[in-house]
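Numbered from 1 within each chain, the chains take letters A, B, ... in sequence-line order. Predicted model only: the values in this text are computed from it and were never measured.
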2 protein chains.
Amino acid sequence: MEAEPLGRRERKRLATHHALRTAALQLGAERGIRDVTVEEIATAADVSVRTFYDHFPSKEDAIIGFDAWRVGQLRDALASRPPDEAPLEALRVVMAQFFHESSDEWPLRMRAINADPALMGRMFVSFIAYERTLVEVIEQRTGLDGERDPYPALVTAVATAAFRASMTTARASGGGLDPAATFDAAIARLSDALRPPAHEDGRAAC
Amino acid sequence: MEAEPLGRRERKRLATHHALRTAALQLGAERGIRDVTVEEIATAADVSVRTFYDHFPSKEDAIIGFDAWRVGQLRDALASRPPDEAPLEALRVVMAQFFHESSDEWPLRMRAINADPALMGRMFVSFIAYERTLVEVIEQRTGLDGERDPYPALVTAVATAAFRASMTTARASGGGLDPAATFDAAIARLSDALRPPAHEDGRAAC
DNA sequence: TGAATGAATTGCACATCGTGCAGTCACTTT
DNA sequence: AAAGTGACTGCACGATGTGCAATTCATTCA
């Protein structure tokens, strides 16, 4: 899907980026992000405070915010699903896959969220940024105009709602429920209601 | 529903609260909240900066955050819906009513959000705080245990998803679509899929 | 009525946040 | 080899959010 050689400079930048995120994740999971200063994170990653802000707009974003890079990845994944697949199903596959991808980060991220539940909110905000991109793809897939038809925004919002609810419930159950399985079940429940609307000419919308 | 005489002290506090919110709303709608300092808001409401922080944790909350008072109001409204009403329908009624209530604030709030779209995210986060309360009421209504059954969290998340999507679409359409009507339509669409699950003994859940 | 209580407001101090700017150095390009 | 570009850095500064002690005033209780 991509094959850039990636020069030394680029590699170094990515290394710094990763070191900062890891440090933030680690410290946030240990002591709660509120009790960690940007200076500590920067020191742990062995860069200056100023450099931290060149990579992330805030320490919270270093923990829960998702890069433009991953947004693009998600968009490509959704765009390359079979065109005849139901939108909600396509979203389910892509989101599950996305969850699986950075699975090593999730345990730390979850501990950080437990230490400071406000982070959950920040994470949902970042979902919204994703939604905007996903809605665009859904519009293309279905050929619907998002400014006139609420459908694309609705399916996408419902998909992330299912994702959110799964995480919340899994957290409330204290590990008794598997978030991934709960997510699948929730989507299955909703899929009947959210088949795309027919076009005005009667042609199916996807 | 309530009938507290409300002493002078209480009235003064509410007046201060309202003055601060109005000032924040006004200034935020005019110039965008990023370009407004807490000091300006406090001055406009004729109180000290320190007092501002006694009422709101941040200037963003003064614009979009909803009080504990309104949370309680919403909870009571939901709890007093007929017990045999479908959960999603009860949520629809209550949320529509909530939207209608502070209808004078919405135009300003919308302008503030247009001036700084990040506020939309903050608002959705505040929805999440509401969700927690609403989920509890839904659990009581349906008799389901939120730690074992994902249903209460799911219906509520879906309801707010519909609300969010309606606002987003209405905003994208540039006033062409009525958010309230779009919201109703979205809920209608989803209601079939989200009837509560039957209890294990076969009895209907609400 | 008069004293005690407690809540709202205030100024002050302080740690932290987030950003603009200019400079250095390493890598890349031509 | 020279010019150019981009990552990192220190510095300065306005703004944020919070603890603390003092003041004022509504409320309550003796």
Side-chain angles (χ1 to χ4, degrees), chain A residues 4-24 27-28 31-65 67-69 115-119 121-122 125-126, chain B residues 4-24 27-28 31-65 67-69 112 115-116 118-119 121-122 125-126:
Chain A
E4 306 132 38
L6 228 28
R8 177 179 301 176
R9 189 191 265 164
E10 200 77 6
R11 264 180 289 125
K12 282 196 171 183
R13 176 169 176 80
L14 282 189
T16 303
H17 196 83
H18 186 256
L20 282 170
R21 162 156 288 161
T22 304
L27 290 168
R31 320 205 312 254
I33 193 62
R34 302 261 323 186
D35 286 343
V36 178
T37 66
V38 173
E39 184 170 10
E40 286 176 295
I41 298 172
T43 302
D46 201 30
V47 293
S48 75
V49 172
R50 193 62 189 81
T51 296
F52 175 89
Y53 284 108
D54 281 340
H55 285 262
F56 302 99
S58 74
K59 56 186 178 182
E60 288 84 5
D61 287 277
I63 291 188
I64 52 84
D67 326 339
W69 178 71
D116 183 1
L119 279 179
R122 297 286 289 239
V125 171
S126 77
Chain B
E4 305 134 36
L6 225 32
R8 177 179 301 174
R9 179 146 69 194
E10 202 77 5
R11 262 180 291 127
K12 283 197 171 181
R13 176 169 177 79
L14 282 189
T16 303
H17 196 84
H18 186 255
L20 281 170
R21 161 156 290 162
T22 304
L27 290 169
R31 321 206 310 256
I33 193 61
R34 301 263 323 188
D35 287 341
V36 178
T37 65
V38 172
E39 184 169 11
E40 285 176 296
I41 299 172
T43 302
D46 201 30
V47 294
S48 74
V49 172
R50 193 63 189 79
T51 296
F52 175 89
Y53 284 109
D54 281 341
H55 285 261
F56 301 100
S58 74
K59 56 186 178 183
E60 288 84 5
D61 287 278
I63 292 188
I64 51 84
D67 328 338
W69 179 70
D116 182 2
L119 279 179
R122 297 285 289 238
V125 170
S126 78

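- Contacts with DNA chain C (heavy atom under 4.0 Å) in residues 35-44 of chain B: none are found.
- When DNA chain D is scanned 5' to 3' for any atom under 4.0 Å from a heavy atom of chain B, the first and last hits are D:dA15 to D:dT27.
- Contact annotation: B:His55 reaches the phosphate of C:dT9 (side-chain N/O to OP1 or OP2, under 4.0 Å).
- Remark: A:Ile63 CD1 to A:Ile33 CD1 distance equals 3.5 Å, nearest 0.5 Å.
- Of all the heavy atoms in B:Gly32 and B:Ala115, the pair that sits closest is CA-CB, 3.7 Å.
- Distance check, rounded to the nearest 0.5 Å: OG1 of B:Thr16 to CZ of B:Arg11 gives 12.5 Å.
- Residues forming a side chain to side chain donor-acceptor pair (under 3.5 Å) with B:Ser126 (at least two apart in sequence, or on another chain): none.
- Scored by the side-chain contact (heavy atoms from CB on, under 4.5 Å) test, B:Thr22 finds B:His18 as partners (sequence neighbours excluded).
- We find the CZ-CG distance between A:Phe56 and A:Leu20 to be 6.0 Å, quoted to the nearest 0.5 Å.
- For residues 33-49 of chain B, the set of pairs meeting the salt bridge (Lys or Arg N to Asp or Glu O under 4.0 Å) definition, not counting sequence neighbours, comprises B:Arg31-B:Glu40.
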Nucleotide N/O to protein N/O under 3.5 Å, stretch nucleotides 2-4 of chain C:
none

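- Taken over five-pair windows at either terminus, the axes of the helix from C:dT1-D:dA30 to C:dT30-D:dA1 are inclined to one another by 30° (rounded to 10 degrees).
- The CZ-C1' distance, from B:Arg13 to C:dT9, rounds to 10 Å in whole Å.
- Applying the side chain to side chain donor-acceptor pair (under 3.5 Å) criterion to B:Ser58, with sequence neighbours excluded, gives B:Glu60, B:Asp61, B:Arg122.
- The side-chain heavy atoms of B:Arg13 and B:Glu10, taken from C-beta on, include no pair separated by under 4.5 Å.
- Look at NE2 on B:His17: it is 12 Å from P on C:dA8, rounded to the nearest Å.
- Between A:Leu119 and A:Ile64 the shortest heavy-atom distance is O-CG2, 4.3 Å.
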| query | When every nucleotide of nucleotides 19-30 of chain C is labelled 5' to 3' by its protein contacts under 4.0 Å (heavy atoms), B for base, S for sugar-phosphate only, - for none, what sequence of letters results? | reply | BBB----BBS--

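- Applying the side chain to side chain donor-acceptor pair (under 3.5 Å) test to A:Arg50 and every residue at least two apart in sequence or in another chain returns A:Asp54.
- Scored by the side chain to side chain donor-acceptor pair (under 3.5 Å) test, A:Arg9 finds no partners at all (sequence neighbours excluded).
- Of all heavy-atom pairs spanning B:Ala62 and B:Ala24, the tightest one is CB-CB, 3.7 Å.
- Listed by chain and residue number, B:Ala23, B:Leu27 satisfy the side-chain contact (heavy atoms from CB on, under 4.5 Å) test with B:Ala44 (two or more places apart in sequence, or in another chain).
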